[in-house]
Amino acid sequence: MDEFENRKAKIEALRERGIEPYPYRFELTHHVSEFKEQFEALGDKQVSLAGRLVARRIFGKLIFAHIQDETGRVQIAIQKGHAKIGDTEEDAIKFAKKDLDIGDIIGVVGRPFVTKTGEKTVAVERIYLLAKGLRPLPEKWHGLRDREARYRQRYLDLMVNPDSREFFKNRALAISEIRKFFVENGFIEFETPTLQPIYGGAYAKPFETFAHALNSKLYLRISDELYLKRLLVGGYERVFEICKDFRNEGIDRFHYPEFTMLEAYAAYWDYTDMMDLTERLLIHLIEHFDRGETLEFDGQSAEVKRPFPRIKFVDALAEKLGFNPLDAETERLVEAAKKAEINGAEKMPRHKLIDKLFDALVGDHLIEPTFVMDHPRILSPLAKVHREDPRLVERFELYVFGMELANAFSELNDPIDQRKRFEALMELRGQDEEVPNEIDEDFLTALEYGMPPAGGIGIGIDRLVMILFNRPAIRDVLLFPQLRPKTD
RNA sequence: GGGCCGUUAGCUCAGGUGGCAGAGCACCUGAUUUUUAAUCAGGGGGUCGCAGGUUCGAAUCCUGCACGGCCCA
């Protein structure tokens, strides 16, 4: 009989003895961390704790075991003549030896005491089975190492790898902290559609679906930009949203088709105000999580100090190329792209060439948080033309450890110019499959009613938590990454 | 899409040149009232990712496929 069958048999045996292996409720007085923190003050007071039985050492008439709850592990001691099964008067020593298994969820009622070796322990008076576990836990010493298993069965990873449990909690706390930061800065969080009839606000291949009730094709959002801007038109002045965006593209260490994005827009701001907000946010998070002045990521380190260095897109690229990319013949850019080992350069539209060249020659090498400013106009159809140079737009991207972490504009609010930019973009359709399916006329109508001048930003939350907590692969910051179905 | 690497017990991993499939943890039986990777004695557990091929004989060599990882596109 294998372990699974063995444990299943125990369920029936327990029920026959009147012990329910899946009862409804248990009254806790303390979590493990509270029990340990309040230990001295507790004196001889009765406590009750619950958690998963994760280790057990049997000495005949005495058993030491550890239970694990969300806050940590604590030792419990079950002594013959002192501990009873549940609410009965039956001695619990044999129950704890034979009926319980490592992996079961149990509750204990008992009193604090310190062992010979000084460990804070619960002397058990009553022990309750709260949920029988049927499967053996992964190895107690090495935990669950296999990456595939950790992704496919994240619950096991969380159960046995404390690092993993801590990280995902921190991710959640970071997102709460980001929300708090924006709210404290006067922003209101709104919810905009995930299903959109026209995908826009970014360049990306969308996921498509069909709504029977509307008899129409819909797309999962690649961005929420055009909806948040409608809210500015409607009269809200500072808006943001943290949501999933979907891009039907490749998966690698830095890209995943379903990712978490923050977008925020502030009326009467320009991109310099957004830069200031971005710096403050990043510094705030680093301080909140006590990460020090130097971030470590994937074997590299970066000093994070205000103000972040600021470089100009065109100047930085021109320096690497030896010529100005804006004036250069396209052939010259193709040649440079080949030299930089960018594949498929011949077929690339000009804007893409410049984008790829920038990443390869400049962006990938920006380790410390750096603002790259004032991009060529063609790359940025939603940004306002630069107030000093009409070939550029007012835009910045924040690069950290070679990754693009944020993207912000002085938002284009001139409806005539916006229409021209969309039309220019539509001419690229066919050349570039990431161009939107059609012009969002309703968005243009909204702009025609007047949108205040505004600064806007998008921040990749997955990447942000990657650098904040030094997790160098995006799958390691996602709880349940998609994998192909496993066959045998 | 291309290159390289991996897949062996529930988990962590060994298994030169082809020759009876192993260890530790976990599990089962017994002993054990201060252990904490408890200890001692004994025991059970395998479609070696899947499918073919070569061979007297394949976990091992070859081919294809699946899944995963890393790098490139």
Checking all strands, does [X] fall into the base, sugar-phosphate, or nothing category for heavy-atom contacts under 4.0 angstrom?
| X | value |
| --- | --- |
| A/Ile102 | sugar-phosphate |
| A/Phe4 | nothing |
| A/Leu156 | nothing |
| A/Lys98 | sugar-phosphate |
| A/Gly143 | sugar-phosphate |

Could you tell me if [Y] and [X] have a donor-acceptor pair between their side chains, going purely by distance under 3.5 Å?
| X | Y | value |
| --- | --- | --- |
| A/Tyr151 | A/Asp476 | yes |
| A/Gln46 | A/Arg126 | no |
| A/Asn248 | A/Tyr219 | no |
| A/His30 | A/Gln38 | yes |

Rounded to whole angstrom, note down the [atom1] distance from [N] over to [M].
| N | M | atom1 | result |
| --- | --- | --- | --- |
| B/U47 | B/G10 | P | 7 Å |
| B/A41 | B/G57 | P | 42 Å |
| B/A21 | B/G44 | C1' | 16 Å |
| B/G1 | B/A58 | C1' | 33 Å |
| B/G18 | B/U55 | P | 15 Å |
| B/C13 | B/A59 | P | 23 Å |
| B/U7 | B/A14 | P | 8 Å |
| B/C70 | B/C28 | P | 37 Å |

Rounded to whole Å, please give me the gap between [atom1] in [X] and [atom2] in [N].
| X | N | atom1 | atom2 | result |
| --- | --- | --- | --- | --- |
| A/Asn6 | B/C28 | CG | C1' | 7 Å |
| A/Arg145 | B/A14 | CZ | P | 11 Å |
| A/Asp2 | B/C11 | CG | C1' | 15 Å |
| A/Leu144 | B/G10 | CG | C1' | 11 Å |
| A/Lys352 | B/A73 | NZ | C1' | 13 Å |
| A/Leu100 | B/A26 | CG | C1' | 16 Å |
| A/Asp252 | B/C70 | CG | C1' | 12 Å |
| A/Arg484 | B/C67 | CZ | C1' | 9 Å |

Respond yes when some side-chain nitrogen or oxygen of [X] is under 4.0 Å from OP1 or OP2 of [N], and no when none is.
| X | N | answer |
| --- | --- | --- |
| A/Arg253 | B/C71 | yes |
| A/Lys140 | B/C25 | no |
| A/Lys61 | B/U34 | no |
| A/Arg56 | B/A38 | no |
| A/Arg57 | B/U35 | no |

Decide, applying a 5.5 Å centre-distance limit and a 30° plane-angle limit (both strict), whether A/Phe64 stacks on B/U35. yes

Side chain of [X], heavy atoms from C-beta onward: which of [options] has the nearest atom to it?
| X | options | result |
| --- | --- | --- |
| A/Phe59 | B/U32, B/G69, B/C67 | B/U32 |
| A/Asp101 | B/U32, B/G69, B/C28 | B/C28 |
| A/Asp146 | B/C28, B/A26, B/U12 | B/U12 |
| A/Gln79 | B/U33, B/C11, B/C28 | B/U33 |
| A/Glu148 | B/C67, B/G69, B/U32 | B/C67 |

By nearest nucleotide on RNA chain B, pick out whichever of A/Ala65 and A/Pro138 is the more 5' one. A/Pro138

Residue whose closest nucleotide on RNA chain B lies nearer the 5' end, A/Arg7 versus A/His66: A/Arg7

Can you find a donor-acceptor N/O pair under 3.5 angstrom joining the side chain of A/Thr115 to the base of B/U35? yes

Polar side-chain contact A/Glu119-B/U34 base: donor and acceptor under 3.5 Å: no

Using Watson-Crick or G-U wobble geometry with both distances under 3.5 Å, which nucleotide pairs with [N]?
| N | value |
| --- | --- |
| B/C67 | B/G6 |
| B/G19 | B/C56 |
| B/U39 | B/A31 |

Charged N-O contact under 4.0 Å between A/Asp327 and A/Arg391: yes

Does the pair A/Arg253/A/Asp298 count as a salt bridge with the N-to-O cut at 4.0 Å? yes

Would you list the pairs meeting salt bridge (Lys or Arg N to Asp or Glu O under 4.0 Å) in which at least one residue belongs to residues 461-473 of chain A, sequence neighbours left out? A/Arg171-A/Asp462

Does A/Leu220 offer a backbone N or O that forms a donor-acceptor pair with the side chain of A/Thr194 under 3.5 Å? no

